[in-house]
J.: 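Here it is: the structure, laid out below.
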Amino acid sequence: MAYQPESIEKKWQNYWAKNAVYKTGTDPKKPKYYVLDMFPYPSGAGLHVGHPLGYIASDIICRFRRAQGFNVLHPMGWDAFGLPAEQYAIQTGQHPATTTKKNIATYREQLDKIGLSFDWSREVSTCDPEYYKWTQWAFAQMFDHYYDVKLDKAMPISHLEKQHPEWTKLSPAAREAELQNHRIAYLADLPVNWCAALGTVLANDEVKDGLSVRGGHPVEQRIMKQWSLRISPYAERLLQGLEKLEWSEAVKEMQRNWIGKSVGGEVDFAIQNSTDSLRIFTTRPDTIFGVSFMVLAPESDWSLKLASSAQRPAVDAYLEECKKRTERDRLADVKRVSGVFTGSYAIHPFTKKPIPIWIGDYVLGGYGTGAIMAVPAHDSRDYAFAKHFSLPILPVVEGGNIEKEAFEATDGKMINSDFMNGLQASSAITRAIQELEKLGVGTRKVNYRLRDAIFSRQRYWGEPFPVYYKDGLPKVLPTEELPVALPEVDKYLPTETGEPPLGRAKNWQTKDGYPLELSTMPGFAGSSAYYFRYMDPKNSKELASKESLNYWQNVDLYIGGAEHATGHLIYSRFWCKFLFDIGFAPVEEPFKKLVNQGLIQGRSSYVYRLKSDVNTFVSYGLRDKYDTQALHVDVSFVENDFLNLEAFRNWRPEYKNAKFILEDDRYRCGSAAEKMSKSFYNVINPDQVVARYGADTLRLFEMFLGPLEQFKPWNMSGIEGVYRFLQKAWRWTHGNDESETLSLSTTPVSEEAMRVLHQTIDKVTKDIQNLSFNTAVSQFMICVNELSGKAQTKEVFETFAVLLAPFAPHFAEELWAKLGHTTSVTLAPWPAANPQFLVANAMKIVVQVNGKLRDQFEAPVGSSEAEVFAIAMAREAVQAQLAGKTIRKQIYVNGKLVNFVV
RNA sequence: GCUGGGAUGGUGGAAUUGGUAGACACACAGGACUUAAAAUCCUGCGGACCUUAAUCGGUCCGUGCGAGUUCGAUUCUCGCUCUCAGCACCA
């Protein structure tokens with residue numbers, strides 16, 4: 001029987017399922033290893049070949065670690081709440097739960113075909129009330145905690161109340177208002193990103209360039225009452241925590257930017273003819289003598305307060321104009337300078353000179369204090385503003401070309417700066433703050449860009465809040481009364497009065513009749529602690545038991561896309577730190593090592609149609625000789641870039657009589673790497689590939705495609721290579737294509753063959769550890785090429801089966817069973833390479849003189865360095881052609897430099 | 001503009017701390033087997049050149065561009081070009 005993946009793969013998948021081979025429990029005798037894939041959102045389109053890339057990689061690691069004696073946790077589940085299901089529900093009336101369930105079934109079926117070693121007994125789904133009960137629990141905990149700045153951790157609200165006995169005298173509403181300023185989950189009027197088309201608010205990471213990431217709808221700023229998570233006090237811990245993580249520098253850097261720490265000072269500028277003072281934040285207090293004007297954000301409270309009566313009409317007009325400009329317009333013309341003078345002046349803290357106060361939309365209300373001191377000589381934005389309005393530009397740091405542009409460096413000497421003259425700008429920063437502190441008008445200050453996370457969504461398909469309102473004040477439900485299950489509604493749209501869809505639910509209230517919160521949680525809620533739930537997924541008392549938490553700790557290896565860098569990955573870290581603070585989580589960081597698999601792009605194919613004759617298509621190589629238009633063609637009609645003419649003619653009626661201008665009697669298509677999309681006709685499903693080549697070939701091929709973290713186009717032309725490899729391996733082990741049994745021999749294995757086998761053990765082991773799966777696959781190919789037709793002993797086949805199992809588990813399992821084993825190859829221990837076979841029996845000695853090859857020869861293994869030299873010198877003497885020259889001689893043993901003499 | 005990656009044959013990609021560049025695979029070409037095709041197996045495959053009847057053998061150039069360090073650079077340093085990704089009025 002030839003290698004027939006379809007028969008063996010189904011068999012072993014059933015075997016694994018029936019015998020629960022991959023079921024994991026806590027086992028104190030073994031070291032633990034937790035490998036997690038980012039769980040997918042089950043969309044209606046199903047999986048394409050890009051999805052399994054990360055899953056296959058993590059599966060290889062899992063199988064490898066198991067063989068090394070680790071107790072491996074490798075679960076999978078579903079990020080099941082989400083916008084697409086809701087929008088589909090709005091269009092069709094079908095309940096999102098129904099669609100989601102169907103999609104999950106499809107995903108599950110597709111994943112099962114790939115032979116992944118998930119422990120499905122731990123499957124979770126974020127839309128399951130038994131799951132989101134614990135999301136609600138965590139939220140309730142956040143409501144009941146505040147961030148204690150002194151202790152630098154979250155503490156119970158009761159602890160805060162003890163420090164404020166005066167609050168007990170307040171009315172319930174006033175007291176709650178105080179508490180809302182501290183609760184980690186709090187309700188506040190906030191400027192939010194409102195998306196009218198989606199009917200909901202969005203988090204900052206869900207908005208890009210003023211458009212929603214999902215759907216690309218315009219987003220505007222609005223003030224709304226929203227639930228938020230106070231993530232900003234965690235900024236410093238989130239930043240510091242990055243240092244210890246084994247994450248790519250790229251993702252760490254993205255998080256650093258997102259947190260946006262900047263160190264500087266806050267300075268109070270007195271306002272002329274007023275007792276008020278204007279507080280600004282600056283990172284360059286050293287340039288304070290270069291201040292020539294101040295700028296307020298248009299949305300700042302000061303803007304109207306400081307408008308003089310003479311300037312009032314101009315200020316009003318400008319503020320009106322700013323309001324009209326949406327976020328998008330503002331981003332669209334960054335270069336445009338606009339602003340207006342308020343008519344008021346501030347007083348310089350050192351020179352006591354008056355400084356005009358302006359309003360400008362390049363200053364943001366939401367950052368710092370919403371006001372700046374402008375130093376045009378040393379800030380490019382202030383420079384542009386000053387040039388536009390002809391304001392003075394006063395250089396205080398030596399260097400640059402102030403006539404042309406702002407000089408922003410801090411490596412110059414201070415000038416025109418009184419007590420700071422002559423200092424380096426970088427050291428003047430500290431000096432300036434000291435002086436300001438003496439005057440009592442300034443202090444050192446650290447600012448973060450990280451904003452609190454807005455946590456309300458005006459949607460149906462999400463976790464309901466565990467919140468009700470008593471006398472108009474928010475309360476959270478106790479854990480015993482959770483979950484608050486998502487109610488049924490007649491339509492998935494906002495109500496006529498503009499309330500979220502939950503406003504349509506009947507009896508949406510607590511058992512005591514208090515109304516429940518109408519908004520739902522955002523997408524990241526369910527994914528922020530799912531890694532803990534997998535540890536103990538059936539627990540109805542807790543998110544996870546102490547015992548399981550202490551055993552599994554956190555995720556050792558997390559694999560998923562880099563697109564979650566500033567969303568899920570930062571929220572999860574925050575969530576975990578909070579759970580750590582309240583004594584639930586055993587560790588502060590959820591994911592020790594993170595690997596971002598590269599996107600697999602689709603490979604689109606094109607045909608070239610004559611503009612003059614829409615029925616004629618020109619082959620790729622000849623297209624320049626004609627005037628043509630490129631059209632996408634379904635990639636299923638194309639093999640190795642050659643078009644199947646028959647299939648193309650049958651594709652659409654208008655191509656029935658298509659004519660072709662061929663090259664070498666064939667039609668060659670053009671190609672390009674693009675996102676996999678239905679509209680480009682380039683989507684490849686893993687099912688198609690499995691049906692034709694089998695799961696093991698798909699697995700090997702996805703790994704062979706290139707480095708895991710690299711973006712790469714899907715290109716089927718190479719798949720034959722790995723398929724041939726498995727066929728060769730089959731023939732090697734079975735003797736020929738027809739044999740049903742193994743072709744075993746007792747002939748001792750040659751030393752050379754042992755060398756190949758042990759090099760394979762060595763290389764594959766190292767490659768898996770380095771996540772260098774593509775070179776591991778190459779090593780397997782070398783191994784089979786070398787050993788094919790020889791080395792057919794039981795021991796060799798056994799070693800090969802164990803090595804191959806992580807990559808091609810079905811093939812390995814079949815081979816293992818035929819070797820007489822009755823248990824899964826998964827349970828076999830990982831082989832160790834014998835160092836004896838890793839060195840060559842004859843050392844290859846290469847002698848170079850002045851970098852040029854002069855001599856090469858072999859010496860017996862074990863020769864000492866001195867012997868090698870002696871042989872080399874003797875041979876050189878015979879050659880006798882080096883006399884009279886200064887030489888540098890290098891001697892290589894097996895390609896390695898051992899020494900050199902001059 | 002800022003930050004972080006990347007650039008190696010026709011193609012995807014290999015190359016421990018600097019040490020014989022191009023492993024492995026695809027594509028292509030030639031050959032064997034076959035009535036034929038498929039499959040399989042074998043050979044060649046960066047460029048220029050020398051040598052030869054042809055092999056064998058040998059030389060020079062070659063890892064985006066230009067310098068530098070070094071006996072020796074795909075690898076390290078500096079300066080560019082192009083490209084991918086992220087951030088972007090964050091004071």
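Just so we're on the same page: letters track the sequence lines, and every chain starts at 1. Quick caveat, the model's predicted, so the values are computed rather than measured.
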J.: In whole angstrom, give the distance that lies between atom CG of Asn257(A) and atom P of G4(B).
T.: 10 Å
J.: Is Gln779(A) touching bases, backbone alone, or none of the nucleic acid, heavy atoms closer than 4.0 Å?
T.: nothing
J.: Look at all strands and tell whether Phe780(A) reaches a base, only sugar-phosphate, or nothing, counting heavy atoms closer than 4.0 Å.
T.: nothing
J.: To the nearest Å, how far apart are Phe269(A) CZ and A91(B) P?
T.: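 One finds 17 Å between P of A91(B) and CZ of Phe269(A), rounded.
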J.: Could you walk me through whether Thr566(A) and Gln255(A) pass the side chain to side chain donor-acceptor pair (under 3.5 Å) check?
T.: CA-CA 6 Å; Thr566(A) 51; Gln255(A) 293 214 345; over 6 Å; no
J.: Should C71(B) form a Watson-Crick or G-U wobble pair with both distances under 3.5 Å, which nucleotide is its partner?
T.: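 Its partner is G19(B).
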J.: Report, as yes or no, whether the 6.0 Å neighbourhood of atom CD on Glu752(A) holds more than 12 heavy atoms from other residues, nucleotides or ligands.
T.: no
J.: Between atom CG in Leu364(A) and atom C1' in A88(B), what is the gap in whole Å?
T.: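 About 11 Å, once rounded to whole Å.
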J.: Given the P atoms of A7(B) and C76(B), what is the spacing between them in whole Å?
T.: 11 Å
J.: May I have the step-by-step check of side chain to side chain contact (heavy atoms under 4.5 Å, CB included) for Val251(A) and Trp247(A), ending in yes or no?
T.: CA-CA 7 Å; Val251(A) 171; Trp247(A) 291 18; 3.7 Å; yes
J.: Which whole number of Å gives the distance between the C1' atom of C78(B) and that of G86(B)?
T.: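 These two C1' atoms come out 26 Å apart once rounded.
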J.: Under a 3.5 Å distance rule, please check whether Arg284(A) uses its side chain to pair with a backbone N or O of Asp379(A) as donor and acceptor.
T.: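 Pair absent, no side-chain N/O of Arg284(A) close to backbone of Asp379(A).
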J.: Using a heavy-atom cut-off of 4.0 Å across all strands, would you classify Asp382(A) as base, sugar-phosphate, or nothing?
T.: nothing
J.: Rounding to an integer number of Å, can you tell me how far Phe725(A) CZ sits from A25(B) P?
T.: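 About 10 Å, once rounded to whole Å.
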J.: Please give the nucleotide sitting opposite C78(B) as a Watson-Crick or G-U wobble pair, both distances under 3.5 Å, or none.
T.: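 By the stated definition (distances under 3.5 Å), G66(B) pairs with C78(B).
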J.: For a quick check of understanding: with a heavy-atom distance under 4.0 Å over all strands, which category does Lys763(A) fall into, base, sugar-phosphate or nothing?
T.: nothing
J.: Could you check whether Ile719(A) gets within reach of a base, just the sugar-phosphate, or nothing at all, counting any heavy atom under 4.0 Å?
T.: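 Nothing, no nucleic acid heavy atom in range.
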J.: Heavy atoms under 4.0 Å, any strand shown: does Pro707(A) hit a base, just sugar-phosphate, or nothing?
T.: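 Sugar-phosphate: the residue Pro707(A), judged by heavy atoms under 4.0 Å, touches backbone atoms but no base.
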J.: In whole angstrom, what separates Met716(A)'s CE from A27(B)'s C1'?
T.: 16 Å
J.: For G44(B), give the paired nucleotide (Watson-Crick: N1-N3 plus N6-O4 or O6-N4; G-U: N1-O2 and O6-N3; both under 3.5 Å), or none.
T.: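 Paired with G44(B), as far as the under-3.5 Å criterion goes, is C28(B).
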J.: Can a side-chain donor-acceptor contact be found between Ser232(A) and Asp452(A) if the only test is distance below 3.5 angstrom?
T.: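 The answer is yes; a qualifying pair exists.
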J.: Since syn is defined as within 90° of 0, does G47(B) count as syn or as anti?
T.: anti
J.: Figure out the NZ/P separation between Lys261(A) and U3(B), and round it to whole Å.
T.: 19 Å
J.: Which base sits across from A53(B) as a Watson-Crick or G-U pair, both distances under 3.5 Å?
T.: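 By the stated definition (distances under 3.5 Å), nothing pairs with A53(B).
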J.: Which one is paired to A39(B), where only Watson-Crick or G-U wobble pairs with both distances under 3.5 angstrom count?
T.: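 With both distances under 3.5 Å required, A39(B) matches none.
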J.: Mind checking Arg256(A) for me? I need base, sugar-phosphate or nothing, with any heavy atom below 4.0 Å counting as a touch.
T.: nothing
